2 protein chains.
Amino acid sequence: MRLLSIADETNSPPASLPDDPAQGSPGMAGVLGGTEIAIAYKIGYVLNFYREPSFRRIETEFGITRPEIVTLIVLNYREGVTASDICEFSGHLKANISRGILALEKKGLLRREADAADRRRQFLFMTEAGRALYARYIPMLREREKAMLACLTAAERRSFERILDKLAAHVPDWAAAGEL
Amino acid sequence: MRLLSIADETNSPPASLPDDPAQGSPGMAGVLGGTEIAIAYKIGYVLNFYREPSFRRIETEFGITRPEIVTLIVLNYREGVTASDICEFSGHLKANISRGILALEKKGLLRREADAADRRRQFLFMTEAGRALYARYIPMLREREKAMLACLTAAERRSFERILDKLAAHVPDWAAAGEL
DNA sequence: CGATAATAGTCTCATATGAGACATTACTCT
DNA sequence: AGAGTAATGTCTCATATGAGACTATTATCG
């Protein structure tokens with residue numbers, strides 16, 4: 001019921017994934033592996049159904065935007081970090097993170113302390129209200145993650161995590177420096 | 001050089017991924033596996049550095065938005081599909097896909113044909129110009145995908161693909177129906 | 001030490017995206 | 001057959017996001 005509204009009419013996954021052109025409509029499941037960027041496309045596909053509707057729901061229900069959502073997630077892991085840290089470890093743009101931080105502060109969900117060693121920087125901390133808000137939206141994200149991964153065996157899941165770790169650690173190797 | 005501008009100043013991955021608090025700034029790499037939605041977060045992290053800057057680049061360089069980019073990618077795989085098909089197999093919202101289709105048509109990159117069996121529906125086809133545009137942006141996406149995956153062994157890559165296939169096929173099981 | 005470059009975070013403006021309404025068409029049920 | 005419901009794609013309006021400029025601070029270089 002609660003999750004029913006997440007992926008309503010506007011963003012529905014296919015009812016099933018056949019790729020049999022003999023069906024009325026030409027089968028489309030093959031597109032997932034058939035694009036020229038098959039792996040990236042599939043990652044995006046899965047994530048589009050997980051992250052986008054989830055974040056939209058949180059935004060509607062709690063009135064916080066993506067950068068705010070992500071900022072609280074990062075701060076839950078570790079407080080006292082800076083906006084730049086959050087940008088680096090989320091892949092979000094600094095203007096958006098900055099805007100999110102200001103919004104959270106305005107809502108009393110976050111506080112800032114200047115870094116004595118570098119007056120440009122600020123350490124960020126969740127307030128109790130921020131912590132409480134985080135606690136309200138994270139269970140849904142966890143449940144949906146669990147549902148998303150339910151189809152994997154324990155071994156597959158471990159393998160997937162290991163590979164993801166590897167991909168994540170490797171990001172700095174290709175994501176900033178020119179590849180040409 | 002060409003890719004250098006993709007993940008410029010505003011969206012930089014960490015220079016490295018240490019998680020050693022002994023360093024000046026508390027290590028942050030642990031956040032990737034330390035959030036309460038570790039796998040989803042990591043997927044998003046990797047994709048944030050792949051897809052978001054790539055799409056932003058294409059948008060700037062070719063003047064087409066995400067829904068337009070994705071529409072051409074899907075049509076490259078198979079023409080004659082409908083807007084709904086694209087929504088289903090991309091995870092994008094119908095209003096955005098619709099808007100993208102109209103924009104592509106206006107730019108002469110796509111044409112539409114009514115479905116005789118259902119007057120609400122339209123089959124979509126790339127024009128030659130659309131095909132040419134696709135051919136201009138897809139190599140960069142491919143190259144970046146390749147770079148993203150360069151750290152994996154062949155076996156890891158196969159395993160990753162198999163698991164992604166499984167996750168993708170499983171999406172309809174949890175992404176629409178309520179899980180409660 | 002002074003000039004220059006880089007960094008951290010914020011701001012303004014433009015534009016893409018999302019919510020929900022809408023018209024048309026198709027389907028279902030009595 | 002007709003009413004009610006659902007599906008398809010488009011539109012309007014609101015809002016989130018992105019580009020680039022900006023100020024203050026810090027780092028680097030000769």
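Treat the numbers as computed from the prediction; the structure is a model and nothing was measured. In the text below, chain A, chain B and the rest are named by the order of the sequence lines, each starting its count at 1.
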Exercise for the section: Assess the pair B:Y41 and B:Y45: is the distance between their ring centroids shorter than 6.0 Å? Expected result: no

Problem - Distance, rounded to the nearest Å, where B:L104 contributes CG and D:dG9 contributes P - result: 15 Å

Exercise for the section: Hey, which sits more toward the 5' end of DNA chain C by its nearest nucleotide, A:E59 or B:A117? Expected result: A:E59

Problem - Ionic contact status for A:E113 with A:R111, cut-off 4.0 Å - result: yes

Practice task
Please state whether the phosphate of C:dT15, meaning OP1 or OP2, lies under 4.0 angstrom from any side-chain nitrogen or oxygen of B:T65.
Solution key: no

Problem - Validation row: A:Y134, A:L109 side chains within 4.5 angstrom (heavy atoms) - result: no

Exercise for the section: May I have the distance from B:D115 (atom CG) to C:dT24 (atom P), rounded to whole angstrom? Expected result: 19 Å

Exercise for the section: Measure the shortest side-chain to side-chain distance between A:H92 and A:I86 over non-hydrogen atoms and say whether it is less than 4.5 angstrom. Expected result: no

Exercise for the section: Could you tell me how the ring of A:F160 sits relative to the ring of B:F160: parallel (under 30°), tilted (30 to 60°) or perpendicular (over 60°)? Expected result: parallel

Practice task
Flag the pair B:T82 / B:Q122 as yes when at least one side-chain heavy-atom distance between them is below 4.5 Å, and no otherwise.
Solution key: no

Exercise for the section: Could you tell me whether the side chain of B:L152 reaches within less than 4.5 Å of the side chain of A:H170, counting heavy atoms only? Expected result: no

Practice task
Round to the nearest Å and state the distance from B:F55 atom CZ to D:dG18 atom P.
Solution key: 13 Å

Practice task
Give the nucleotide from the list C:dC11, C:dG18, D:dT25 with an atom nearest to the side chain of A:R119.
Solution key: D:dT25

Practice task
Supply the atom-to-atom distance A:S90 OG to A:I69 CD1, rounded to the nearest 0.5 angstrom.
Solution key: 12.0 Å

Exercise for the section: Enter the inter-axis angle for the ends of the helix from C:dC1-D:dG30 to C:dT30-D:dA1 (five pairs per end, rounded to 10°). Expected result: 40°

Practice task
Grab the CD-C1' distance between B:E88 and D:dA7 for me, whole Å please.
Solution key: 12 Å

Handout entry: Note: A:E161-A:R158 ion pair, threshold 4.0 Å (strictly below)
Key = no

Handout entry: Gap between atoms CD and C1', on B:E68 and C:dA16 respectively (whole Å)
Key = 10 Å

Exercise for the section: For the side chain of A:L102, starting at C-beta, report the closest nucleotide among C:dT17, C:dC11, D:dG18. Expected result: C:dC11

Handout entry: Heavy-atom check, side chain of B:E68 versus side chain of B:K107, under 4.5 Å
Key = yes

Practice task
Answer whether the closest heavy-atom distance between the side chains of A:E79 and A:M126 falls below 4.5 Å.
Solution key: yes

Exercise for the section: Give the rounded distance in Å between these two atoms: CZ of B:R56 and P of D:dT17. Expected result: 12 Å

Fill in the blank from the handout: Reading nucleotides 1-8 of chain C from 5' to 3' and marking B where a protein heavy atom lies under 4.0 Å of the base, S where only the sugar-phosphate is that close, and - otherwise, the string is -----BBS

Fill in the blank from the handout: B:L93 CG to D:dC11 C1', in whole Å, measures 15 Å

Problem - Under-4.0 Å side-chain N/O to phosphate OP1/OP2 contact, A:N96 with D:dG18 - result: yes

Distances under 3.5 Å between nitrogen or oxygen atoms of protein and nucleotides 1-4 of chain D:
none

Exercise for the section: Classify the side chain of B:R112 and the base of D:dG9 as holding, or not holding, a donor-acceptor pair under 3.5 Å. Expected result: no

Exercise for the section: Rounded to the nearest angstrom, tell me the gap between atom CG in B:L110 and atom P in D:dG9. Expected result: 12 Å

Exercise for the section: Taking only Lys NZ, Arg NE, NH1 and NH2, and the carboxylate oxygens of Asp or Glu, determine whether B:E145 and B:R142 approach each other closer than 4.0 Å. Expected result: no

